[in-house]
Amino acid sequence: MPASPLHAPVLDWYDHHARDLPWRRPEATPWGVLVSELMLQQTPVARVLPVWQAWLERWPSPAALAAEPAGEAVRAWGRLGYPRRALRLHAAATAVRDQHGGQVPSDYATLLALPGVGDYTAAAVASFAYGRRHAVLDTNVRRVLARLVGGVEWPAQAVTRAERDRAEALLPDEPATAATWAVAVMELGALVCTARDPRCEACPVADRCVWLASGRPAYDGPPRRGQAWDGTDRQCRGRLMAVLREAPGSVGQAQLDAAWPDAAQRERCLASLIADGLVVRSDDRFALP
DNA sequence: CAGACGTGGCC
DNA sequence: TGGCCAAGTCT
């Protein structure tokens, strides 16, 4: 679509206010971008920063990571959360080495086939690392467009066809500009059009925002699902993984038993961790893969 | 497709 | 203080 009146203000705002994040620098490699995207899935930038730096120093290429056991990736993942992502990143690195000549793919469909890479990440890597033209629909972009164009405070639970159409219609024609637009809208959502307490006074397109124009009406939709935590298997798995991460080698049953009081739940979670490939058992010892 | 999946900071 | 939220993916 031809230039939208939204483009120039947002691109100009990004030019002046974008954070200086290492994976956005010119020297960042596609591998660095891919690593950042996996780490940033459901995890705040501030927590990713130090882990990303150490990761890229230790494994500057997919082949470097693929050369080590997956457990090393899980350990280096630290406390970022959702450690299956570490396993998937290791598997993605292996696939890149074995199937793509060691180069992170540049096209959406090939990226999408990598472990841990879904619609968002495939579009993000194609766009940010290679300047391809894609609608990049993350939680920030979805929130910005819901407000700016849709006039509602929150987007639907899952990406709708209308949302995707809207995002694609807004994409600048020129691939390089579209790529900057994608990261700019995302940054706008992260810094200005935030989930809580949006700073509309600092928004470069406040004068065109449907939600603001209608007086920022409160959310009026189905209840947004929270994330249960206390006493859940996720918490139990987290405890068990913490024990294994912090141990130099393998651990015995007693060390795992000490991590969670409910024996039945503990056994179920340990079994699920083994099924996920996050834990391996040899005789009566447990360790990272 | 709704639910599972970690972790910690913030108001 | 506890619910909410953070660059989602997978099944």
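Fair warning: this is a prediction, and the values are worked out from it, not measured in the lab. Because only heavy atoms are used, hydrogens play no part in the values below, and waters and symmetry mates are left out as well, while side chains stay in. Chain letters run A, B, ... following the sequence lines, proteins first, then strands; residues in each count from 1.
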| Nearest-angstrom distance from the residue atom CD of A/Gln42 to P of B/dC5 | 14 Å
| Can you check the A/Arg234 CZ to B/dG8 P distance for me, whole Å? | 13 Å
| Quick one: OG1 on A/Thr180 to OH on A/Tyr14, what's the gap to the nearest 0.5 Å? | 7.5 Å
| query | Can a donor-acceptor pair be found between the side chains of A/Trp59 and A/Glu68 at a distance below 3.5 Å? | reply | yes
| Sugar-phosphate only, base, or nothing, as touched by A/Arg142 at under 4.0 Å among non-hydrogen atoms | nothing
| said: Give me the distance, rounded to whole Å, that separates C/dA7 from B/dC5 when you measure between the P atoms they each carry. | reply: 23 Å
| task | Using only side-chain N and O atoms of A/Arg85, determine if any of them is under 4.0 Å from OP1 or OP2 of C/dC10. | result | no
| task | Taking only the side-chain nitrogens and oxygens of A/Arg237, find out if one of them lies under 4.0 Å from OP1 or OP2 of B/dG6. | result | yes
| field | P gap between C/dC4 and B/dG3, integer Å | value | 16 Å
| task | Looking at every strand, decide which applies to A/Arg196 at a 4.0 Å heavy-atom threshold: base, sugar-phosphate, or nothing. | result | base
| remark: Between CE of A/Met241 and P of B/dA4 the distance, given in whole Å, is 20 Å
| query | Are the charged groups of A/Arg85 and A/Glu37 less than 4.0 angstrom apart, N to O? | reply | no
| query | How is A/Gly118 classified with respect to the nucleic acid when contacts are heavy atoms under 4.0 Å: base, sugar-phosphate, or nothing? | reply | sugar-phosphate
| field | SB check A/Asp257 A/Arg266 (cutoff 4.0 Å) | value | yes
| Whole angstrom value for the distance that separates P of C/dG3 from CD of A/Gln235 | 13 Å
| Above 12 or not: heavy atoms from other molecules or residues under 6.0 Å from CD of A/Glu201? | yes
| Residue whose nearest DNA chain C nucleotide is more 5′ - A/Val117 or A/Ser36 | A/Ser36
| message | In this structure, how many angstroms lie between the P atom of B/dC1 and the CZ atom of A/Arg225, rounded? | response | 13 Å
| remark: Ranking A/Gln227 and A/Gln157 by the position along DNA chain B of their nearest nucleotide, the one closer to 5' is A/Gln157
| task | Among A/Cys209, A/Cys193, A/Cys203, find the residue that satisfies the side chain to side chain contact (heavy atoms under 4.5 Å, CB included) test when tested with A/Leu148. | result | A/Cys209
| query | Base, sugar-phosphate alone, or nothing: which one does A/Trp154 contact when heavy atoms must sit under 4.0 Å apart? | reply | sugar-phosphate
| For atom CG of A/Leu40 and atom P of B/dG6, their distance in whole Å | 18 Å
| request: Go through C/dT9, C/dC5, B/dT7 for me and flag the one nearest to the A/Gln41 side chain. | output: C/dT9
| task | Starting at atom CH2 of A/Trp52, determine the distance to atom P of C/dA7, rounded to an integer number of angstrom. | result | 18 Å
| Between the side-chain atoms of A/Glu187 and the base atoms of C/dA7, is any donor-acceptor pair under 3.5 Å? | no
| query | P atom, B/dG8 versus C/dT9: distance in rounded Å? | reply | 23 Å
| message | Side-chain N or O of A/Thr121 versus OP1/OP2 of C/dT9: is the shortest distance under 4.0 Å? | response | yes
| request: Describe the nucleic acid contact of A/Leu80 in one word from base, sugar-phosphate, nothing, applying a heavy-atom distance below 4.0 Å. | output: base
| said: At 4.0 Å (heavy atoms only), tell me whether A/Asp276 reaches a base, stays on the sugar-phosphate, or touches nothing. | reply: nothing
| field | Whole-Å distance separating the CZ atom of A/Arg143 from the P atom of C/dA7 | value | 6 Å
| request: Would you indicate which nucleotide in C/dC5, B/dG6, C/dA7 comes nearest to any side-chain atom of A/Pro83? | output: B/dG6
| query | Say you draw a straight line from CG of A/Leu270 to CZ of A/Phe286; how long is it, rounded to the nearest 0.5 Å? | reply | 5.0 Å
| task | Assess whether one donor atom and one acceptor atom, taken from the side chain of A/Thr43 and the base of B/dG6, lie less than 3.5 Å apart. | result | yes
| query | Which of the following nucleotides, B/dC5, C/dA7, B/dG6, is nearest to the side chain of A/Asp233? | reply | B/dC5
| NA contact type, A/Ala124, heavy-atom cut-off 4.0 Å: base, sugar-phosphate, or nothing? | nothing
| Within the structure shown, what part of the strands sits under 4.0 Å from A/Leu240 by heavy-atom distance: base, sugar-phosphate, or nothing? | nothing
